[in-house]
Every structure is written in C-alpha cells, then in structure tokens.
Number of protein chains: 2
Amino acid sequence: MGDIFKALADPTRRKILDELAERDGQTLFEICTRLTMKHGLTSSRQAISQHMDVLEEAGLIHTRREGRYKFHHLDPEPLRRLADRWLTKLKEKDP
Amino acid sequence: MGDIFKALADPTRRKILDELAERDGQTLFEICTRLTMKHGLTSSRQAISQHMDVLEEAGLIHTRREGRYKFHHLDPEPLRRLADRWLTKLKEKDP
DNA sequence: ACTATAGGCAAGTCGTCACTTGCCTATCAA
DNA sequence: TTGATAGGCAAGTGACGACTTGCCTATAGT
C-alpha cells in the first residue's frame with residue numbers, strides 16, 4: 001500500500017506512467033528516448049531502469065520479456081484500489 | 001501535485017489522516033495520545049508536529065488557532081483531484 | 001505572580017533515495 | 001564470428017527525509 005504512494009511520489013516515475021498510459025508496452029530504450037524528447041528529461045538509462053524496478057515492485061507496471069526486448073505494461077488496478085480507500089472512506093487498515 | 005503523493009508516502013502521516021477522518025478538528029496533543037493508544041505509535045510530539053506541517057503544505061489539512069489550542073481539520077479536496085487525474089485518464093500535465 | 005499546558009524553533013543524527021560510474025551478459029544482424 | 005544493440009548488476013556519492021534533543025514562547029489555571 002505505501003509502496004504505491006512512494007512510487008508515485010517521484011515526478012520522473014509519474015512521467016513514466018504518463019508515457020506508458022499514452023503508449024503501452026514500450027521498452028526501456030523507447031521510454032528513455034521519448035522522455036528526453038517530449039518531456040526534456042535528462043536522466044540516464046540506469047536511472048530510468050531503477051525507476052522501473054520501483055514501479056514494478058509497487059505493482060503499477062508488469063513486464064514481458066521477448067528476446068532481447070523487455071516490454072513494460074501499465075497496470076491501473078493498484079490506482080483503482082487506492083482511490084477506493086481514500087475517497088469512499090478513509091479509515092481502512094494499513095497493510 | 002507531487003507534494004500530495006510525498007505526503008501520503010509516509011505511513012505515520014496516513015494514520016494521522018485516518019485519525020482525523022474518524023474525528024476531525026483534533027489538537028496536536030489529542031492526535032499524539034490517540035495515535036500511541038490505538039495504533040501503538042511511538043513517535044514524539046515534535047515528530048507528529050512536523051508531519052502535520054507536511055500535510056498542511058500539501059493542502060491535505062488546514063488549521064484553526066484558538067487561544068493556546070490549534071485544531072487540525074482534514075481537507076479531502078486534494079484527494080479528489082488526485083483521483084480525477086489517475087483514474088479518468090493518466091496523461092495530464094505535472095504542475 | 002507562578003506554574004503547568006499547548007505548541008514552536010533550530011541544529012544535529014541517521015537512514016533512505018535518486019542518480020552516477022563502470023563493467024558485464026545476452027540477443028541479433030552483417 | 002564480430003560488432004552493435006538491449007539490458008543487468010553492484011558499489012559509491014550527494015541530497016533529502018524522519019526523527020531526536022534542547023530550549024523558547026504564549027496561553028490558561030490557581
């Protein structure tokens with residue numbers, strides 16, 4: 001639960017999610033180039049890769065390997081469960 | 001926008017919000033005692049106070065001073081705008 | 001006036017986080 | 001097979017975040 005918020009706390013990670021929301025199933029290099037092109041990001045490949053790990057551990061994305069490519073797919077489910085907690089009622093347990 | 005996620009990233013701050021959601025308008029000491037009682041929190045008064053500052057800067061709570069008391073009120077508005085971004089569509093700007 | 005209560009301010013510690021650097025593995029194309 | 005492409009691993013650095021410690025201000029009760 002807290003992993004999701006921590007993952008969303010970083011602006012670069014949010015931009016990655018935005019990018020995947022706009023075009024799902026991108027590889028690491030695709031995301032890197034598109035982030036630097038469109039959003040003016042200057043982060044290195046390794047930086048983005050580590051952000052991906054955080055997002056995956058939070059369950060916000062899942063990956064699919066194919067040859068030397070690794071495709072990243074967005075999973076909106078955690079966001080939905082998140083909204084359920086904080087908008088219907090705020091007094092759930094904290095797992 | 002990112003301030004809200006950073007504020008929600010900490011489990012103690014989420015418990016504070018839970019506490020205020022259950023009983024709005026508490027003072028700092030009330031929240032401190034109730035957190036240690038019900039949730040088994042061991043944080044000091046200053047720690048909680050600093051968490052409050054973070055929550056207030058994020059716009060999640062607002063305060064009202066009255067004599068030597070300072071009452072804390074929850075503001076669900078930012079949470080609502082948050083859900084609007086991440087559940088209707090994910091490709092908004094990042095302000 | 002004096003004391004207790006509710007809270008604020010600021011420096012300092014310690015751990016985590018974002019990011020870099022350097023090197024290594026694996027897949028594909030020529 | 002050689003070289004280029006896509007990605008991984010791990011140690012190290014710098015900054016920020018959570019929390020503590022110590023002291024200070026202001027309001028209220030007696």
Side-chain angles (χ1 to χ4, degrees), chain A residues 1-20 23-37 39-58 60-73 94, chain B residues 1-20 23-37 39-58 60-73 94:
Chain A
M1 175 96 232
D3 291 340
I4 302 174
F5 287 111
K6 263 194 279 188
L8 292 171
D10 188 89
T12 303
R13 282 196 286 269
R14 287 198 300 275
K15 290 209 174 106
I16 292 175
L17 290 184
D18 290 340
E19 190 56 45
L20 283 179
R23 191 173 199 271
D24 200 40
Q26 295 188 59
T27 70
L28 177 60
F29 265 79
E30 281 177 313
I31 294 173
C32 282
T33 56
R34 290 174 72 104
L35 279 182
T36 53
M37 293 299 111
H39 301 275
L41 257 283
T42 62
S43 309
S44 69
R45 179 183 60 87
Q46 289 84 350
I48 303 292
S49 175
Q50 287 166 5
H51 281 307
M52 297 299 215
D53 294 342
V54 176
L55 289 172
E56 190 169 15
E57 274 191 67
L60 289 164
I61 66 175
H62 59 90
T63 60
R64 165 178 54 100
R65 192 110 209 198
E66 208 164 297
R68 64 173 160 174
Y69 299 105
K70 187 180 181 185
F71 301 100
H72 301 260
H73 296 270
D94 207 60
Chain B
M1 175 96 233
D3 292 339
I4 302 174
F5 286 111
K6 265 194 278 188
L8 292 172
D10 189 89
T12 305
R13 282 196 285 269
R14 288 198 299 274
K15 291 210 174 104
I16 292 175
L17 290 183
D18 290 339
E19 189 56 46
L20 283 179
R23 191 174 198 271
D24 200 41
Q26 296 188 59
T27 69
L28 177 59
F29 264 79
E30 281 178 313
I31 294 173
C32 282
T33 56
R34 291 173 72 105
L35 280 182
T36 54
M37 294 297 112
H39 301 274
L41 257 282
T42 62
S43 308
S44 67
R45 179 183 60 87
Q46 289 83 351
I48 303 292
S49 175
Q50 286 167 4
H51 281 306
M52 296 298 215
D53 294 342
V54 175
L55 288 171
E56 190 169 14
E57 275 190 67
L60 289 164
I61 66 174
H62 59 91
T63 60
R64 164 179 54 99
R65 191 105 211 208
E66 205 164 301
R68 62 172 161 174
Y69 299 105
K70 187 181 182 184
F71 300 101
H72 301 260
H73 297 269
D94 206 60

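Here is how names work: the chains are called A, B, and so on, in the same order as the sequence lines, proteins then strands, and each is numbered from 1. Note that the coordinates shown come from a computational prediction; the quantities given were computed from them, not determined experimentally.
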Quiz item: Given A/K6 and A/V54, is the side chain to side chain contact (heavy atoms under 4.5 Å, CB included) satisfied, shown in steps?
Solution: CA-CA 9 Å; A/K6 263 194 279 188; A/V54 176; over 6 Å; no
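- Scanning for salt bridge (charged side-chain N to carboxylate O under 4.0 Å, His left out) contacts around A/R68 gives an empty result, with sequence neighbours left out.
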Quiz item: For every nucleotide of nucleotides 3-17 of chain D, 5' to 3': is a protein heavy atom under 4.0 Å from its base (B), only from its sugar-phosphate (S), or from neither (-)?
Solution: --BSBBB-------S
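- When the C1' atom of C/dC19 is taken as reference, atom NE2 of A/H51 falls 8 Å away, rounded to whole Å.
- Listed by chain and residue number, nothing satisfies the side-chain hydrogen bond (donor to acceptor under 3.5 Å, both in side chains) test with A/R65 (two or more places apart in sequence, or in another chain).
- Rounded to whole angstrom, the span from the CD atom of A/E66 across to the P atom of C/dT27 amounts to 13 Å.
- The distance between atom CD of B/E57 and atom C1' of D/dA18, rounded to the nearest whole Å, is 15 Å.
- For A/M52 and C/dA18, the CE to P distance is 15 Å, given to the nearest whole Å.
- Rounded to whole Å, the distance from CZ on B/R64 to C1' on C/dA6 is 15 Å.
- For B/T63, the side-chain contact (heavy atoms from CB on, under 4.5 Å) partners are B/E56, B/K70, B/H72, not counting sequence neighbours.
- For B/T36, the side-chain contact (heavy atoms from CB on, under 4.5 Å) test picks out no residue, with sequence neighbours left out.
- Here A/S44 reaches the OP1 or OP2 of C/dT20: one of its side-chain N or O atoms lies under 4.0 Å away.
- With sequence neighbours excluded, no residue forms a ring-ring contact (aromatic ring centres under 6.0 Å, His included) with B/H39.
- Relative to the axis of its first five pairs, the axis of the last five pairs of the helix from C/dA1-D/dT30 to C/dA30-D/dT1 sits at 20°, rounded to 10 degrees.
- When the side-chain contact (heavy atoms from CB on, under 4.5 Å) test is applied to B/H73, the partners found at least two apart in sequence or on another chain are B/D24, B/H62, B/R64, B/F71.
- Residues forming a side-chain hydrogen bond (donor to acceptor under 3.5 Å, both in side chains) with B/D3 (at least two apart in sequence, or on another chain): none.
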